[in-house]
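In what follows, every heavy atom counts, from backbone to side chain, and hydrogens, waters and symmetry copies are set aside. Atoms within each ligand, like the ligands themselves, are counted from 1 in listed order.
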Amino acid sequence: MKVVHTVKELRDALAAEKALQKTVGFVPTMGALHKGHASLVKRSVAENGVTVVSVFVNPTQFNDASDLDKYPRTLEADCELLATCGADYVFAPSVSEVYPEPDTREFSYAPIDTVMEGKFRPGHFNGVCQVVSKLFDMVQPDTAYFGEKDFQQLAVIRAMVADQQFGIDIVGCPIVREDDGLAMSSRNTRLSAEERENALNISKTLFKSRTFAADHSVTETMQMVEKWINDSPGLQLEYFEIVDGDSLQPVDEWDESPYIVGCITVFCGPVRLIDNIVYKEL
Ligand code: PAF
């Protein structure tokens, strides 16, 4: 596995690989890698001739400066994990390598990017599209892999790829959970032991709501989740929405769409955690 820091090094290395007709799989990350990322990388390795993983904490997608400062940066440990997954290249650029000039481009995929995270983190998806479009341009992969935990991000990236005609296959990979159900996240490392215990009620509530949803309305299911989270010690609900899995618009009835997902964001102490659950799928 080779670690490269500049676009030139990356392009030179990939030109040689592409000359050998190898397909390129790409996993963009912000580092602080865990088993969820490992599952994306392993899938890419299984499906492609070459796998590139980017490790870059993208400043333009943080609308809260302290969140950006606190984001864990663990490149050495990340590289160790990536080597065990079979990645071929780690691209770990500096901020000035990715943004030699301020990025003034604006991406807008309303209404997909204006609900939920779009409402609570204004500018977040614009920053994600800025960096992912740059990374796509640098790597020029055949296929790129994203986790379904960031459900709305995946939908926004699909919209951007269609809009910008990147010609890249976007593969969504299932959420990887700890044995007790907590969705894996780089932010979990910031939880104290007590917060980690409290955070468990997020996935527990979502799993219970799936059983509950079988004989209750959408409104009742929303109320159940809101009450359970608000009654859980140390948790503060930011939003819970039950939405159509493609348009991300709220649904009122279970028969409104063949694909329905519940998306949640909760503060566990100071740490903002997201998760989701599929209620209905084709
Ligand atoms: O999901 C993430 O880790 C980031 O949003 C991404 C896609 C790597 C862009 O910075």
Does Cys79 reach the side chain of Val3, with side-chain heavy atoms less than 4.5 Å apart?
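Heavy-atom side-chain distance check passes, below 4.5 Å.
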Using a 4.5 Å cut-off on heavy atoms from C-beta on, say whether the side chain of Arg11 contacts that of Val7.
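They are in contact (side-chain heavy atoms under 4.5 Å apart), so the answer is yes.
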Shortest non-hydrogen contact from Ile202 to Ile264?
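Shortest heavy-atom separation between Ile202 and Ile264 comes out as CG2-CG2, 4.0 Å.
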Considering only heavy atoms of [X], which atoms of ligand 1 have at least one such atom less than 4.0 Å away?
{"X": "Thr29", "value": "8 (C)"}
{"X": "Val131", "value": "9 (C), 10 (O)"}
{"X": "Gln61", "value": "4 (C), 5 (O), 9 (C), 10 (O)"}
{"X": "Met30", "value": "3 (O), 4 (C), 8 (C), 10 (O)"}
{"X": "Gln153", "value": "1 (O), 2 (C), 4 (C), 5 (O), 7 (C)"}

Could an N or O of ligand 1 be found under 3.5 Å from any N or O of Asn58, whether backbone or side chain?
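So ligand 1 has no N or O lying under 3.5 Å from an N or O of Asn58.
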Do Thr51 and Tyr89 pair up side chain to side chain, a donor and an acceptor below 3.5 Å, judged on atom types alone?
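No, no side-chain donor-acceptor pair sits under 3.5 Å.
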Salt bridge check, Asp275 against Arg177: does any charged N sit closer than 4.0 Å to a carboxylate O?
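Result for this pair is yes, salt bridge flagged.
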